[in-house]
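Counting starts at 1 for both ligands and their atoms, in listed order. Side-chain atoms are counted along with the backbone in the values below, which use heavy atoms only and exclude waters and symmetry mates.
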Amino acid sequence: MSFSQKYHPLLTVDKDTGEQESLQCRDPRKRRSLLVIAVIIIMFTSLPFVHMIRSRGFWGACHGSQRNSSTLAKLPSHYTLPSGDNIPSVALGVWQAGKGEVGNAVKTALTAGYRHIDGAWIYCNEEEVGQALKTSSIPCEELWLTSKLWNTFHAPEDIETALDQSLSMLGTNYLDLYLIHWGSYSPTCASCLFRTRPVAFKTCTTILDGDLTADPYPTWQKLEELVDKGKIRYIVISNFNTRRIKNLTANNLKYQPAVNQVELNFWNPQPELLKLSKENGLLLEAYSPLGSDKQVGKSLSVPEVKSITSKLRITPAQVIISWSIQRSTIVLPKSITPSRITENLEVFELPQEDFERLEKAATSHTPQRVVNLSAGWKLPFDVFDGQ
Ligand code: A2P
(Lines give C-alpha, C1' and ligand atoms only; values in the text may rest on other atoms or scores of the structure.)
Protein backbone atom coordinates (compact mmCIF):
# COMPACT_ATOMS: atom_id res chain seq x y z
CA MET A 1 0.00 0.00 0.00
CA SER A 2 1.36 3.38 -1.00
CA PHE A 3 1.85 6.23 1.48
CA SER A 4 -1.10 8.07 -0.01
CA GLN A 5 -3.40 5.11 0.26
CA LYS A 6 -2.35 4.38 3.79
CA TYR A 7 -2.70 7.92 5.18
CA HIS A 8 -5.38 9.39 2.89
CA PRO A 9 -8.16 6.85 2.80
CA LEU A 10 -10.13 8.97 0.33
CA LEU A 11 -7.41 8.53 -2.22
CA THR A 12 -7.57 5.45 -4.44
CA VAL A 13 -5.99 4.12 -7.66
CA ASP A 14 -7.94 3.71 -10.90
CA LYS A 15 -7.73 0.02 -11.77
CA ASP A 16 -7.62 0.69 -15.51
CA THR A 17 -5.35 3.70 -15.73
CA GLY A 18 -3.45 3.31 -12.48
CA GLU A 19 -4.14 7.00 -11.79
CA GLN A 20 -5.08 8.15 -8.32
CA GLU A 21 -8.62 9.27 -7.85
CA SER A 22 -9.46 11.71 -5.23
CA LEU A 23 -12.64 9.91 -4.14
CA GLN A 24 -13.67 6.29 -3.96
CA CYS A 25 -17.14 6.92 -5.42
CA ARG A 26 -17.57 7.13 -9.22
CA ASP A 27 -21.16 8.44 -9.16
CA PRO A 28 -20.76 12.20 -9.96
CA ARG A 29 -23.64 13.31 -7.64
CA LYS A 30 -22.39 11.23 -4.71
CA ARG A 31 -18.87 12.40 -5.47
CA ARG A 32 -20.00 16.04 -5.23
CA SER A 33 -21.78 15.40 -1.91
CA LEU A 34 -18.72 13.69 -0.52
CA LEU A 35 -16.61 16.58 -1.68
CA VAL A 36 -18.89 19.06 0.09
CA ILE A 37 -18.77 16.96 3.29
CA ALA A 38 -14.98 16.81 3.08
CA VAL A 39 -14.72 20.59 2.66
CA ILE A 40 -17.02 21.13 5.67
CA ILE A 41 -14.97 18.75 7.82
CA ILE A 42 -11.70 20.48 6.81
CA MET A 43 -13.19 23.89 7.56
CA PHE A 44 -14.38 22.88 11.02
CA THR A 45 -11.20 21.10 12.01
CA SER A 46 -9.00 24.01 10.87
CA LEU A 47 -11.03 26.76 12.62
CA PRO A 48 -9.25 26.50 15.99
CA PHE A 49 -5.89 26.80 14.19
CA VAL A 50 -7.01 29.87 12.25
CA HIS A 51 -8.20 31.43 15.50
CA MET A 52 -4.93 30.60 17.28
CA ILE A 53 -2.83 32.06 14.47
CA ARG A 54 -4.92 35.24 14.46
CA SER A 55 -4.75 35.75 18.21
CA ARG A 56 -1.17 34.68 18.88
CA GLY A 57 0.59 35.32 15.65
CA PHE A 58 2.26 32.72 13.49
CA TRP A 59 5.30 32.27 15.73
CA GLY A 60 3.11 31.49 18.72
CA ALA A 61 1.03 29.03 16.75
CA CYS A 62 4.07 27.20 15.39
CA HIS A 63 5.77 26.92 18.72
CA GLY A 64 2.68 26.26 20.78
CA SER A 65 3.71 29.07 23.12
CA GLN A 66 3.51 32.84 23.41
CA ARG A 67 4.78 35.39 20.96
CA ASN A 68 8.04 37.19 21.70
CA SER A 69 9.17 40.72 20.97
CA SER A 70 11.01 39.74 17.78
CA THR A 71 7.66 39.27 16.03
CA LEU A 72 6.07 42.49 17.27
CA ALA A 73 6.01 45.52 15.01
CA LYS A 74 8.06 48.50 16.17
CA LEU A 75 6.26 51.71 16.91
CA PRO A 76 7.04 54.96 15.11
CA SER A 77 10.18 56.54 16.49
CA HIS A 78 9.02 60.08 15.62
CA TYR A 79 5.95 62.29 15.37
CA THR A 80 5.61 64.94 12.71
CA LEU A 81 4.85 68.41 14.05
CA PRO A 82 2.62 70.77 12.03
CA SER A 83 5.85 72.45 10.85
CA GLY A 84 6.98 69.17 9.26
CA ASP A 85 9.77 68.56 11.79
CA ASN A 86 10.08 65.06 13.18
CA ILE A 87 10.32 64.89 16.95
CA PRO A 88 11.43 61.64 18.66
CA SER A 89 8.59 59.83 20.41
CA VAL A 90 10.71 58.79 23.41
CA ALA A 91 12.92 61.17 25.39
CA LEU A 92 15.09 60.61 28.40
CA GLY A 93 13.49 62.42 31.33
CA VAL A 94 16.03 63.82 33.79
CA TRP A 95 13.74 65.09 36.55
CA GLN A 96 15.02 63.55 39.81
CA ALA A 97 18.24 62.38 38.15
CA GLY A 98 20.72 63.62 40.69
CA LYS A 99 24.15 65.17 40.40
CA GLY A 100 26.79 62.55 39.68
CA GLU A 101 24.24 60.30 37.96
CA VAL A 102 22.55 62.42 35.32
CA GLY A 103 25.66 62.81 33.13
CA ASN A 104 26.13 59.07 32.78
CA ALA A 105 22.42 58.62 32.14
CA VAL A 106 22.59 61.11 29.25
CA LYS A 107 25.73 59.47 27.82
CA THR A 108 24.14 56.01 28.03
CA ALA A 109 20.98 57.31 26.42
CA LEU A 110 22.80 58.90 23.49
CA THR A 111 24.75 55.70 22.90
CA ALA A 112 21.52 53.68 23.06
CA GLY A 113 20.01 55.90 20.36
CA TYR A 114 18.02 58.54 22.25
CA ARG A 115 17.99 61.87 20.46
CA HIS A 116 15.63 63.72 22.79
CA ILE A 117 16.49 64.87 26.32
CA ASP A 118 13.86 66.45 28.54
CA GLY A 119 15.37 68.71 31.19
CA ALA A 120 14.58 71.90 33.07
CA TRP A 121 16.32 74.72 34.92
CA ILE A 122 14.64 73.73 38.17
CA TYR A 123 16.05 70.19 38.03
CA CYS A 124 19.37 71.78 38.93
CA ASN A 125 21.35 69.37 36.74
CA GLU A 126 21.65 71.25 33.45
CA GLU A 127 25.38 71.78 33.83
CA GLU A 128 26.05 68.05 34.08
CA VAL A 129 23.66 67.36 31.19
CA GLY A 130 25.61 69.92 29.15
CA GLN A 131 28.95 68.30 29.97
CA ALA A 132 27.61 64.91 28.87
CA LEU A 133 26.33 66.40 25.63
CA LYS A 134 29.74 67.93 24.98
CA THR A 135 31.43 64.50 25.09
CA SER A 136 29.11 63.16 22.42
CA SER A 137 29.85 63.58 18.74
CA ILE A 138 26.17 63.80 17.82
CA PRO A 139 25.49 66.98 15.84
CA CYS A 140 23.16 69.51 17.51
CA GLU A 141 20.72 69.31 14.62
CA GLU A 142 20.06 65.64 15.38
CA LEU A 143 19.21 66.31 19.01
CA TRP A 144 16.01 67.59 20.58
CA LEU A 145 16.84 69.47 23.75
CA THR A 146 14.20 70.69 26.15
CA SER A 147 14.45 73.13 29.03
CA LYS A 148 11.78 74.92 31.01
CA LEU A 149 11.21 78.47 32.17
CA TRP A 150 10.75 78.36 35.92
CA ASN A 151 7.82 80.13 37.55
CA THR A 152 9.99 82.82 39.06
CA PHE A 153 11.03 84.12 35.63
CA HIS A 154 7.70 84.63 33.89
CA ALA A 155 7.97 88.43 33.87
CA PRO A 156 9.03 89.43 30.33
CA GLU A 157 12.12 91.29 31.59
CA ASP A 158 13.42 88.13 33.34
CA ILE A 159 12.89 85.58 30.61
CA GLU A 160 15.93 86.06 28.40
CA THR A 161 18.35 85.97 31.33
CA ALA A 162 16.78 82.72 32.56
CA LEU A 163 16.95 81.22 29.09
CA ASP A 164 20.57 82.33 28.61
CA GLN A 165 21.50 80.66 31.86
CA SER A 166 20.05 77.34 30.68
CA LEU A 167 21.70 77.71 27.26
CA SER A 168 25.07 78.36 28.85
CA MET A 169 24.78 75.41 31.26
CA LEU A 170 23.70 73.10 28.45
CA GLY A 171 26.45 74.44 26.16
CA THR A 172 24.15 75.27 23.27
CA ASN A 173 23.00 78.34 21.36
CA TYR A 174 19.38 77.34 21.12
CA LEU A 175 16.78 75.01 22.58
CA ASP A 176 14.44 72.88 20.53
CA LEU A 177 11.63 73.10 23.08
CA TYR A 178 11.32 75.73 25.79
CA LEU A 179 8.41 75.17 28.14
CA ILE A 180 6.49 77.43 30.45
CA HIS A 181 7.02 75.24 33.47
CA TRP A 182 5.92 74.91 36.97
CA GLY A 183 7.57 72.57 39.40
CA SER A 184 8.70 72.13 42.95
CA TYR A 185 10.99 74.05 45.22
CA SER A 186 14.34 72.30 45.42
CA PRO A 187 16.22 72.97 48.66
CA THR A 188 19.38 71.32 47.32
CA CYS A 189 19.89 73.77 44.48
CA ALA A 190 22.10 76.75 45.26
CA SER A 191 20.44 78.91 42.62
CA CYS A 192 16.94 78.19 43.96
CA LEU A 193 17.36 79.92 47.27
CA PHE A 194 14.01 81.58 47.08
CA ARG A 195 10.88 79.65 47.80
CA THR A 196 8.94 79.14 44.61
CA ARG A 197 5.34 78.61 43.69
CA PRO A 198 3.66 77.28 40.59
CA VAL A 199 2.51 79.40 37.72
CA ALA A 200 3.86 82.95 37.53
CA PHE A 201 5.71 84.32 40.48
CA LYS A 202 7.10 87.79 41.07
CA THR A 203 10.86 87.95 40.69
CA CYS A 204 12.82 86.80 43.74
CA THR A 205 9.80 87.05 46.01
CA THR A 206 7.29 84.64 47.36
CA ILE A 207 4.38 86.55 45.91
CA LEU A 208 2.19 84.83 43.39
CA ASP A 209 1.94 86.92 40.23
CA GLY A 210 -1.81 86.92 39.83
CA ASP A 211 -1.77 88.83 36.53
CA LEU A 212 0.69 86.58 34.72
CA THR A 213 -0.98 83.52 36.16
CA ALA A 214 -4.36 84.63 34.90
CA ASP A 215 -2.99 85.72 31.53
CA PRO A 216 0.37 84.35 30.38
CA TYR A 217 0.22 86.27 27.09
CA PRO A 218 3.00 88.78 28.01
CA THR A 219 5.25 85.81 28.84
CA TRP A 220 4.32 84.17 25.56
CA GLN A 221 5.01 87.33 23.56
CA LYS A 222 8.50 87.59 24.99
CA LEU A 223 9.12 83.94 24.18
CA GLU A 224 7.97 84.61 20.63
CA GLU A 225 10.65 87.32 20.40
CA LEU A 226 13.23 84.75 21.48
CA VAL A 227 12.05 82.39 18.75
CA ASP A 228 12.68 85.21 16.29
CA LYS A 229 16.14 85.68 17.80
CA GLY A 230 16.91 82.01 17.12
CA LYS A 231 17.26 81.00 20.76
CA ILE A 232 14.15 78.80 20.83
CA ARG A 233 12.69 76.62 18.08
CA TYR A 234 9.34 75.79 19.72
CA ILE A 235 7.57 77.40 22.67
CA VAL A 236 5.75 74.76 24.62
CA ILE A 237 3.24 74.74 27.42
CA SER A 238 3.28 72.46 30.42
CA ASN A 239 0.62 71.50 32.94
CA PHE A 240 -1.90 73.56 31.00
CA ASN A 241 -5.45 72.34 31.36
CA THR A 242 -8.11 72.96 28.74
CA ARG A 243 -9.17 76.23 30.34
CA ARG A 244 -5.63 77.59 30.39
CA ILE A 245 -5.00 76.49 26.79
CA LYS A 246 -8.12 78.33 25.63
CA ASN A 247 -7.18 81.34 27.70
CA LEU A 248 -3.75 81.53 26.04
CA THR A 249 -4.77 80.71 22.48
CA ALA A 250 -7.59 83.28 22.57
CA ASN A 251 -4.78 85.84 22.06
CA ASN A 252 -3.40 86.65 18.66
CA LEU A 253 -0.38 84.33 18.94
CA LYS A 254 2.42 84.57 16.43
CA TYR A 255 3.47 81.00 17.26
CA GLN A 256 0.94 78.45 18.42
CA PRO A 257 1.98 75.94 21.09
CA ALA A 258 2.78 72.69 19.32
CA VAL A 259 3.19 70.57 22.43
CA ASN A 260 1.73 70.42 25.96
CA GLN A 261 3.69 68.48 28.57
CA VAL A 262 1.44 66.96 31.24
CA GLU A 263 1.33 64.06 33.63
CA LEU A 264 0.06 60.98 31.79
CA ASN A 265 0.29 57.46 33.14
CA PHE A 266 -1.88 54.52 34.16
CA TRP A 267 -3.12 56.41 37.24
CA ASN A 268 -3.83 59.68 35.48
CA PRO A 269 -4.53 58.92 31.80
CA GLN A 270 -6.56 62.10 31.04
CA PRO A 271 -8.58 60.72 28.09
CA GLU A 272 -10.56 63.95 27.59
CA LEU A 273 -7.48 66.16 27.39
CA LEU A 274 -5.90 63.64 25.01
CA LYS A 275 -8.97 63.64 22.76
CA LEU A 276 -9.20 67.43 22.70
CA SER A 277 -5.48 67.77 22.02
CA LYS A 278 -5.67 65.36 19.10
CA GLU A 279 -8.63 67.24 17.65
CA ASN A 280 -6.65 70.48 17.87
CA GLY A 281 -3.33 69.16 16.59
CA LEU A 282 -1.62 69.63 19.94
CA LEU A 283 0.84 66.87 20.76
CA LEU A 284 0.96 65.76 24.39
CA GLU A 285 4.16 64.80 26.19
CA ALA A 286 3.73 62.29 29.02
CA TYR A 287 5.78 63.07 32.10
CA SER A 288 6.01 60.49 34.91
CA PRO A 289 4.80 57.84 32.43
CA LEU A 290 5.79 55.03 34.77
CA GLY A 291 4.27 56.74 37.79
CA SER A 292 7.49 58.41 38.89
CA ASP A 293 9.72 57.13 41.69
CA LYS A 294 6.72 57.00 44.01
CA GLN A 295 4.41 54.79 41.97
CA VAL A 296 6.63 52.92 39.52
CA GLY A 297 6.41 49.65 41.46
CA LYS A 298 2.63 49.84 41.55
CA SER A 299 2.45 50.71 37.84
CA LEU A 300 4.57 47.73 36.82
CA SER A 301 2.34 45.42 38.90
CA VAL A 302 -0.99 46.41 37.37
CA PRO A 303 -2.63 43.04 36.48
CA GLU A 304 -3.26 44.04 32.84
CA VAL A 305 0.36 45.20 32.49
CA LYS A 306 1.61 41.93 33.94
CA SER A 307 -0.60 39.79 31.75
CA ILE A 308 0.41 41.64 28.55
CA THR A 309 4.03 41.41 29.68
CA SER A 310 3.94 37.63 29.88
CA LYS A 311 1.87 37.27 26.74
CA LEU A 312 4.18 39.38 24.59
CA ARG A 313 7.41 38.61 26.44
CA ILE A 314 8.39 42.23 26.79
CA THR A 315 9.01 44.07 30.06
CA PRO A 316 6.28 45.83 32.08
CA ALA A 317 7.93 49.21 31.45
CA GLN A 318 7.93 48.48 27.71
CA VAL A 319 4.21 47.64 27.86
CA ILE A 320 3.46 51.00 29.50
CA ILE A 321 5.74 53.04 27.24
CA SER A 322 4.36 51.31 24.13
CA TRP A 323 0.79 51.95 25.30
CA SER A 324 1.67 55.64 25.80
CA ILE A 325 2.98 55.91 22.25
CA GLN A 326 -0.04 54.09 20.87
CA ARG A 327 -2.11 56.78 22.60
CA SER A 328 -0.17 59.20 20.34
CA THR A 329 1.86 60.89 23.05
CA ILE A 330 5.57 61.57 23.40
CA VAL A 331 6.88 59.64 26.41
CA LEU A 332 9.54 60.88 28.84
CA PRO A 333 10.63 57.93 30.99
CA LYS A 334 13.26 58.87 33.55
CA SER A 335 16.00 56.41 34.41
CA ILE A 336 19.59 56.53 35.58
CA THR A 337 20.01 52.75 35.19
CA PRO A 338 21.80 51.82 31.94
CA SER A 339 19.83 48.62 31.24
CA ARG A 340 16.52 50.42 31.84
CA ILE A 341 17.51 53.38 29.68
CA THR A 342 18.13 50.98 26.79
CA GLU A 343 14.99 48.96 27.53
CA ASN A 344 12.75 52.03 27.58
CA LEU A 345 13.66 52.96 24.00
CA GLU A 346 12.54 49.56 22.69
CA VAL A 347 8.87 50.02 22.01
CA PHE A 348 6.52 47.59 20.30
CA GLU A 349 3.06 47.78 18.88
CA LEU A 350 0.67 46.13 21.33
CA PRO A 351 -2.02 44.09 19.57
CA GLN A 352 -5.24 46.12 19.46
CA GLU A 353 -7.01 43.89 21.99
CA ASP A 354 -4.16 44.37 24.51
CA PHE A 355 -3.97 48.10 23.90
CA GLU A 356 -7.72 48.39 24.48
CA ARG A 357 -7.57 46.22 27.61
CA LEU A 358 -4.94 48.47 29.15
CA GLU A 359 -6.68 51.66 28.03
CA LYS A 360 -9.94 50.43 29.58
CA ALA A 361 -8.23 49.53 32.85
CA ALA A 362 -6.46 52.91 32.99
CA THR A 363 -9.58 54.93 32.29
CA SER A 364 -11.95 52.90 34.50
CA HIS A 365 -10.62 53.87 37.91
CA THR A 366 -10.79 57.25 39.63
CA PRO A 367 -7.95 59.39 38.26
CA GLN A 368 -5.19 59.97 40.71
CA ARG A 369 -2.35 62.39 40.09
CA VAL A 370 1.10 61.22 41.05
CA VAL A 371 2.43 64.77 40.90
CA ASN A 372 0.31 67.50 42.48
CA LEU A 373 2.22 70.15 44.31
CA SER A 374 -0.69 72.45 45.13
CA ALA A 375 -1.01 71.31 48.74
CA GLY A 376 2.75 71.38 49.35
CA TRP A 377 2.92 74.94 48.06
CA LYS A 378 -0.07 75.92 50.19
CA LEU A 379 -1.73 77.47 47.17
CA PRO A 380 -5.10 79.16 47.50
CA PHE A 381 -6.24 77.09 44.47
CA ASP A 382 -5.57 73.71 42.90
CA VAL A 383 -3.04 74.02 40.10
CA PHE A 384 -4.98 71.49 38.08
CA ASP A 385 -8.34 73.00 38.77
CA GLY A 386 -10.74 72.30 35.91
CA GLN A 387 -8.44 69.83 34.13
P1 A2P B 1 15.86 54.49 37.97
O2 A2P B 1 16.00 55.92 37.58
O3 A2P B 1 16.52 54.18 39.27
O4 A2P B 1 16.26 53.54 36.88
P5 A2P B 1 8.95 58.04 35.57
O6 A2P B 1 9.57 57.89 34.23
O7 A2P B 1 7.46 57.77 35.56
O8 A2P B 1 9.26 59.34 36.20
O9 A2P B 1 9.53 56.90 36.54
C10 A2P B 1 10.86 56.95 36.98
C11 A2P B 1 11.10 55.80 37.91
O12 A2P B 1 10.97 54.56 37.22
C13 A2P B 1 12.51 55.79 38.46
O14 A2P B 1 12.43 55.32 39.79
C15 A2P B 1 13.25 54.81 37.59
O16 A2P B 1 14.30 54.20 38.28
C17 A2P B 1 12.16 53.81 37.29
N18 A2P B 1 12.32 53.12 35.99
C19 A2P B 1 12.63 53.70 34.82
N20 A2P B 1 12.66 52.77 33.84
C21 A2P B 1 12.37 51.59 34.42
C22 A2P B 1 12.26 50.26 33.93
N23 A2P B 1 12.46 49.98 32.65
N24 A2P B 1 11.95 49.28 34.81
C25 A2P B 1 11.75 49.56 36.12
N26 A2P B 1 11.83 50.80 36.65
C27 A2P B 1 12.14 51.81 35.79
Can a non-hydrogen atom of Gly93 be found less than 4.0 Å from any atom of ligand 1?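 Per 4.0 Å heavy-atom rule, Gly93 does not contact ligand 1.
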Is the backbone of Leu145 close enough, under 3.5 Å, to the side chain of Asp176 for a donor and an acceptor to pair up by distance?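 Side chain of Asp176 to backbone of Leu145, a donor-acceptor pair under 3.5 Å: yes, one is there.
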Would you say Arg233's side chain and Leu175's backbone share a donor-acceptor pair under 3.5 angstrom? no
For [X], which part has a heavy atom under 4.0 Å from ligand 1: side chain, backbone, both, or neither?
{"X": "Pro316", "answer": "neither"}
{"X": "Asn265", "answer": "neither"}
{"X": "Lys334", "answer": "both"}

By number and element, which atoms of ligand 1 are closer than 4.0 Å to a non-hydrogen atom of [X]?
{"X": "Ile336", "result": "1 (P), 2 (O), 3 (O), 4 (O)"}
{"X": "Leu300", "result": "25 (C)"}
{"X": "Thr337", "result": "1 (P), 3 (O), 4 (O)"}
{"X": "Pro333", "result": "6 (O)"}

If you have a sec, work out which protein heavy atom is nearest [atom] and how many Å separate them, to one decimal?
{"atom": "atom 20 (N) of ligand 1", "value": "Asn344 ND2, 3.0 Å"}
{"atom": "atom 8 (O) of ligand 1", "value": "Ser292 CA, 3.3 Å"}
{"atom": "atom 11 (C) of ligand 1", "value": "Asp293 OD1, 3.4 Å"}
{"atom": "atom 1 (P) of ligand 1", "value": "Arg340 NH1, 3.3 Å"}

Does a donor on one side chain sit under 3.5 Å from an acceptor on the other, for [X] and [Y]?
{"X": "Thr146", "Y": "Gln261", "result": "no"}
{"X": "Ser288", "Y": "Glu263", "result": "no"}
{"X": "Ser83", "Y": "Tyr234", "result": "yes"}
{"X": "Lys148", "Y": "Tyr123", "result": "yes"}

Apply side-chain hydrogen bond (donor to acceptor under 3.5 Å, both in side chains) to residues Asn344 and Tyr114 and explain how you reach the verdict. CA-CA 10 Å; Asn344 294 348; Tyr114 285 74; 4.7 Å; no
Is the ring pair Trp144/His116 parallel, tilted or perpendicular, if the boundaries are 30 and 60 degrees? tilted
Val296 to ligand 1: N or O pair under 3.5 Å? no
Has ligand 1 got any nitrogen or oxygen that is less than 3.5 angstrom from a nitrogen or oxygen of Ala317?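 No, Ala317 has no N/O under 3.5 Å of an N/O on ligand 1.
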Salt bridge check, Glu343 against Arg340: does any charged N sit closer than 4.0 Å to a carboxylate O?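 Salt bridge between Arg340 and Glu343, a charged N being under 4.0 Å from a carboxylate O: no.
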